[in-house]
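Values in this document were obtained by computation on a predicted structure and should not be read as measured data. Only heavy atoms go into these numbers, but all of them, side chains included; no hydrogens, no water, no symmetry mates. Just so we're on the same page: letters track the sequence lines, and every chain starts at 1.
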Amino acid sequence: MADLVAARRARLAALRERGVDPFTATRYDVTAHAAELATKYAELPEQGRAESETWSIAGRIMAVRGQGGVIFFDLHDRTGRFQLFVRKNDLSDEAFAVAKELERGDIAGATGFVFRTKAGDLSLYVRSFEVLGKSLQPLPDKWHGLQDVEKRYRRRYVDLIVNPHVRDVMILRSRIVAEMRRFIDARDFFEVETPTLLTIAGGASARPFRTHSNALDIPLNLRIATELNLKRLIVGGMERVYEIGRIFRNEGIDATHNPEFTMLELYAAFWDVEDMMRFNEDLMAHLTRTVHGGETVMHGEDAISFATPFRRIGYLEAFKEFAGLEREQLLDADASLLLLREFGIPDSPTHAHALDKLFERIVEPHLLQPTFVYGYPVVLSPLAKRMKDDPELTQRYELFAGHMELANAFTELNDPDDQRRRFELQIAERAAGDEEIPPPDWDFVTALEYGMPPTAGIGIGVDRLVMMLTDNASVRDVLLFPLQRPLPADAREDDAEDAPPGP
RNA sequence: GCACCGCUAGCUCAAUGGUAGAGCAGUUGACUCUUAAUCAAUUGGUUGAAGGUUCGAGUCCUUCGCGGUGCACCA
């Protein structure tokens with residue numbers, strides 16, 4: 001290890017002796033990228049030379065193939081690979097000597113013209129080049145890349161350098177979020193930013209991360225949802241708002257849960273849940289079409305079609321269809337607890353909790369193709385408006401695909417008295433031992449007392465959506481820097497500061 | 001939190017309880033159209049950590065660390 005770094009430092013010294021210091025370089029005038037050149041010169045004939053056009057390309061050297069008087073380099077930039085061809089006879093002795101010092105991992109820029117080699121490969125015939133940076137660490141195997149998942153997550157930069165697929169996924173994620181914004185902005189929504197630091201973290205059910213404000217000397221929580229603040233903006237008359245923001249939940253970490261994740265929440269005054277369902281369908285279809293390139297998405301072994309309209313099934317109807325269960329068995333708290341035993345599921349502290357467990361066991365396994373499940377019981381939906389003709393259910397749906405929950409939407413409850421009663425019920429549930437129920441946010445009830453227009457809202461888990469559209473089974477593979485336990489040597493901040501990585 | 005699996009050279013991987021190895025990378029040399037370049041030579045190890053069993057441990061046992069998967073948890 002130390003030897004490999006020492007060898008690279010020796011190369012650095014050799015470059016400096018020749019008057020080339022890789023770390024003094026500042027800017028490089030890039031006039032072309034690898035993929036552009038490949039497209040532009042795709043028709044260049046065998047042995048062709050486009051000498052009249054000069055290009056400058058820059059990136060990381062990922063392979064060096066010395067051949068005596070000529071050297072081939074594989075240069076990688078953000079668009080892909082391009083080969084550089086350096087010939088001793090066409091450079092000064094000094095410049096060729098510098099080229100010979102370049103190694104895998106170094107950053108370089110090269111200027112020249114495009115030609116086709118005898119082997120038929122497009123390459124840049126290098127007239128001049130510049131060393132733009134030096135790599136002092138050895139890169140992983142050029143053929144196998146970096147396989148060790150722990151190292152991939154801890155040193156994502158190395159993963160990105162050697163595993164092109166990782167970069168592709170992250171670029172696709174960026175495009176998904178961009179397309180999402182474009183689609184929403186075209187429908188006259190305001191993008192807003194609400195606080196992540198809150199005295200009461202409400203709007204969902206999850207344990208929050210706790211922190212402390214020195215200035216105010218008060219405890220604070222990181223938000224677990226953006227819901228309540230966004231609805232305050234609806235009360236305030238902003239009518240259509242959304243936020244794509246980071247949410248923090250102090251809970252378990254597994255293939256589909258990271259403590260911090262990204263959620264889109266969007267609210268539209270004067271819409272109801274049916275409007276939202278159509279919006280949701282159109283958004284999903286738009287994303288699969290523009291970003292994924294087709295309506296059908298592979299999910300492991302399964303093909304999932306996002307062609308609209310999606311399947312719709314009632315919440316109670318689903319239980320009936322998949323397990324023959326009746327309304328009373330679910331909506332009665334005691335009966336639902338009996339069902340848990342029947343299905344061999346551990347006891348639940350609350351009715352709401354029991355229904356979630358039953359849904360997960362009985363219904364979710366059937367939800368491969370995109371499906372709206374609508375009409376959630378009011379006990380599960382403290383912020384949703386009741387159905388007009390069935391007040392035990394709410395105007396709420398969740399969208400599932402690939403057995404994963406992708407979206408949750410409802411017509412928002414805007415009756416302050418009903419909202420107050422539901423918060424009071426939650427106090428009881430919290431007291432009954434469900435630590436994930438947040439304390440009530442009474443100011444939100446006050447906001448509703450000022451009057452909120454009828455409104456529909458939706459939450460979409462961006463990470464899971466990206467998982468779906470990139471066929472990744474783990475949320476860590478769609479996050480650039482998934483949370484990892486620090487290594488023992490780095491666990492104590494003081495020690496970490498005492499021992500910087502040596503030269 | 002529980003169970004199982006994994007951790008060996010910079011990377012990818014081998015090694016019945018019996019001398020820790022290969023390929024790539026690196027180093028030295030050859031080579032003016034290579035592309036996993038080739039050819040010749042060559043360096044490199046606290047086998048995640050600490051104990052234990054044994055004549056002898058990468059291998060068996062215990063504890064610990066980190067990761068992965070499953071379960072539990074997670075509207």
K.L.:
Tell me the partner of B/U19, counting only Watson-Crick (N1-N3 plus N6-O4 or O6-N4) or G-U wobble (N1-O2 and O6-N3) with both under 3.5 Å; none if nothing fits.
P.N.:
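By the stated definition (distances under 3.5 Å), nothing pairs with B/U19.
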K.L.:
With hydrogens left out and only the distance checked, is there a donor-acceptor pair under 3.5 Å joining A/Gln83's side chain and the base of B/U34?
P.N.:
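For A/Gln83, whose side chain was compared with the base of B/U34, there is a donor-acceptor pair (under 3.5 Å).
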K.L.:
In whole Å, what separates the C1' atom of B/G65 from that of B/G48?
P.N.:
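These two C1' atoms come out 7 Å apart once rounded.
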K.L.:
What is the separation between atom CZ on A/Arg152 and atom P on B/U12, rounded to the nearest whole Å?
P.N.:
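Whole-Å distance recorded here is 11 Å.
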K.L.:
Can you see if the side chain of A/His353 gets near the phosphate of B/C74 - specifically, an N or O under 4.0 Å from OP1 or OP2?
P.N.:
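Checking B/C74 against A/His353, a side-chain N or O does come within under 4.0 Å of OP1 or OP2.
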K.L.:
Going by an N to O cut-off under 4.0 Å, is there a salt bridge joining A/Lys134 and A/Glu103?
P.N.:
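So A/Lys134 pairs with A/Glu103 through a salt bridge.
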K.L.:
Would you mind telling me which residue lines up with the more 5' stretch of RNA chain B, A/Pro140 or A/Ala119, judged by nearest nucleotide?
P.N.:
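It is A/Pro140 whose nearest nucleotide is closer to the 5' end.
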K.L.:
A/Glu436 side chain: which of B/A75, B/C33, B/C24 is closest?
P.N.:
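The listed nucleotide nearest to A/Glu436's side chain is B/A75.
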K.L.:
Have a look at A/Leu146 and say if it touches a base, only the backbone sugar-phosphate, or nothing, with a 4.0 Å heavy-atom cut-off.
P.N.:
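Contact class for A/Leu146: sugar-phosphate only.
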K.L.:
Could you check whether the side chain of A/Asp3 and the base of B/U43 have a donor-acceptor pair of N or O atoms closer than 3.5 Å, going by distance alone?
P.N.:
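By the distance-only test, no, there is no pair.
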K.L.:
Between A/Asp3 and A/Arg8, does any side-chain N to carboxylate O distance fall below 4.0 Å?
P.N.:
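Salt bridge between A/Asp3 and A/Arg8, a charged N being under 4.0 Å from a carboxylate O: no.
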K.L.:
Under 4.0 angstrom, heavy atoms only, what part of the nucleic acid is A/Glu251 near: base, sugar-phosphate, or nothing?
P.N.:
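Sugar-phosphate contact only - A/Glu251 comes under 4.0 Å of backbone atoms but never of a base.
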K.L.:
Please measure how far the P atom in B/C39 lies from the corresponding atom in B/G67, and state the result in whole Å.
P.N.:
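About 42 Å, rounded to a whole number of Å.
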K.L.:
Cation-pi between A/Arg49 and A/Tyr125: NZ/CZ under 6.0 Å from ring centre and within 45° of the ring axis?
P.N.:
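Yes, cation above the ring, under 6.0 Å and within 45°.
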K.L.:
If you check every side-chain atom of A/Gln147, which of B/C13, B/G26, B/C73 has the closest atom?
P.N.:
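For the A/Gln147 side chain, the nearest candidate turns out to be B/C13.
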K.L.:
Which residue lies toward the 5' end of RNA chain B, A/Leu383 or A/Arg476, if each is placed at its nearest nucleotide?
P.N.:
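Per heavy-atom nearest nucleotide, the more 5' residue is A/Arg476.
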K.L.:
As a test of reading the structure: which of B/A75, B/G23, B/G67 is closest to the side chain of A/Ala204, going by heavy atoms?
P.N.:
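My answer, after comparing the listed nucleotides, is B/A75.
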K.L.:
Does B/G67 have a Watson-Crick or wobble partner in any strand here, with both distances under 3.5 angstrom, and which is it?
P.N.:
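Partner of B/G67: B/C5.
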K.L.:
To the side chain of A/Asp121, which of B/C33, B/U34, B/G67 is closest?
P.N.:
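Per side-chain heavy atoms of A/Asp121, the pick is B/U34.
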K.L.:
Measure the distance from NE2 on A/His257 to P on B/G70 and round it to the nearest whole Å.
P.N.:
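Whole-Å distance recorded here is 13 Å.
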K.L.:
Expressed in angstrom and rounded to an integer, what is the separation of A/Arg485 atom CZ from B/C66 atom P?
P.N.:
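In whole Å, B/C66 P and A/Arg485 CZ are 5 Å from each other.
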K.L.:
So if I take every side-chain heavy atom of A/Ala7 and compare against B/U34, B/A75, B/G26, which nucleotide ends up nearest?
P.N.:
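Taking heavy atoms from C-beta onward, the closest nucleotide is B/G26.
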K.L.:
Using ring centroids (six-membered ring only for Trp), state whether A/Phe115 and A/Tyr41 fall under 6.0 Å.
P.N.:
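Between A/Tyr41 and A/Phe115, the centre distance exceeds or equals 6.0 Å.
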K.L.:
Taking the minimum atom-to-atom distance to the side chain of A/Arg65, which one of B/U34, B/C11, B/A75 wins?
P.N.:
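Closest nucleotide to the A/Arg65 side chain: B/U34.
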K.L.:
Need the pair for B/A40. Rule: Watson-Crick or G-U wobble, both distances under 3.5 Å, any strand; none if unpaired.
P.N.:
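Pair assignment: B/A40 / B/U28.
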K.L.:
Nearest to the A/Gln484 side chain among B/U12, B/G67, B/U34, which nucleotide is it?
P.N.:
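Output: B/G67.
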K.L.:
Tell me: CG of A/Asp93 to C1' of B/U32, nearest whole Å?
P.N.:
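My rounded result for the distance is 14 Å.
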K.L.:
For B/A75, does OP1 or OP2 lie under 4.0 Å from any side-chain N or O of A/Ser205?
P.N.:
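Yes, such a contact exists.
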K.L.:
Can you check the A/Gln67 CD to B/C39 P distance for me, whole Å?
P.N.:
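After rounding, the gap between these two atoms is 13 Å.
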K.L.:
Counting the atoms with a prime plus P, OP1 and OP2 as sugar-phosphate, which does A/Gln426 contact under 4.0 Å by heavy atoms, base, sugar-phosphate, or nothing?
P.N.:
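Answer is base: heavy atoms of A/Gln426 come under 4.0 Å of a base.
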K.L.:
Is the A/Tyr242-A/Tyr267 ring centre distance short of 6.0 angstrom?
P.N.:
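Between A/Tyr242 and A/Tyr267, the centre distance exceeds or equals 6.0 Å.
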K.L.:
Just the rounded figure in Å: distance from C1' of B/U34 to CZ of A/Phe115.
P.N.:
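Checked: the CZ to C1' distance equals 10 Å.
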K.L.:
Under 4.0 Å between a Lys/Arg side-chain N and an Asp/Glu carboxylate O for A/Arg207 and A/Glu251?
P.N.:
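The answer is no: the pair does not qualify as a salt bridge.
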K.L.:
Any base atoms under 4.0 Å from A/Arg116, or only sugar-phosphate, or nothing? Heavy atoms, all strands.
P.N.:
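No contact.
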K.L.:
Can you tell me the base-pairing partner of B/C73? Count Watson-Crick or G-U wobble geometry only, both distances below 3.5 Å, and say none if there is no partner.
P.N.:
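None - no nucleotide pairs with B/C73, as no candidate has both distances under 3.5 Å.
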K.L.:
With a 3.5 Å cut-off and heavy atoms only, can you find an N or O donor on one side and an acceptor on the other between the side chain of A/Asp254 and the base of B/G70?
P.N.:
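A donor-acceptor contact between them is absent.
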K.L.:
Taking the minimum atom-to-atom distance to the side chain of A/Val149, which one of B/U12, B/C33, B/G68 wins?
P.N.:
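The listed nucleotide nearest to A/Val149's side chain is B/G68.
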K.L.:
Please determine if A/Glu150 and A/Arg485 form a salt bridge, counting it only when a charged side-chain N lies under 4.0 Å from a carboxylate O.
P.N.:
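Salt bridge flag = no for A/Arg485 with A/Glu150.
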K.L.:
Does the ring of A/Tyr376 carry A/Arg396 above it, NZ/CZ under 6.0 angstrom from centre and within 45° of its axis?
P.N.:
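Yes.
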K.L.:
Using a cut-off of 4.0 Å on non-hydrogen atoms, how would the nucleic acid contact of A/Arg87 be classed: base, sugar-phosphate, or nothing?
P.N.:
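Result for A/Arg87 = base.
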K.L.:
By the 4.0 Å heavy-atom rule, please label A/Arg8 as base, sugar-phosphate, or nothing.
P.N.:
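Contact class for A/Arg8: none.
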K.L.:
Mind checking A/Phe359 for me? I need base, sugar-phosphate or nothing, with any heavy atom below 4.0 Å counting as a touch.
P.N.:
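Touches nothing.
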K.L.:
Just compare B/U32, B/U12, B/U69 and give me whichever is closest to any side-chain atom of A/Ser474.
P.N.:
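Of the candidates, B/U69 comes closest.
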K.L.:
Side chain of A/Glu360 only, heavy atoms from C-beta on: which candidate in B/U34, B/C74, B/G68 is closest?
P.N.:
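Given the options B/U34, B/C74, B/G68, the side chain of A/Glu360 is closest to B/C74.
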K.L.:
Base, sugar-phosphate, or nothing for A/Gly145, non-hydrogen atoms under 4.0 angstrom?
P.N.:
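Answer is sugar-phosphate: A/Gly145 comes under 4.0 Å of backbone atoms only.
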K.L.:
Answer with base, sugar-phosphate or nothing: what part of the nucleic acid does A/Asp148 contact at a heavy-atom distance below 4.0 Å?
P.N.:
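The residue A/Asp148 makes sugar-phosphate contact but no base contact.
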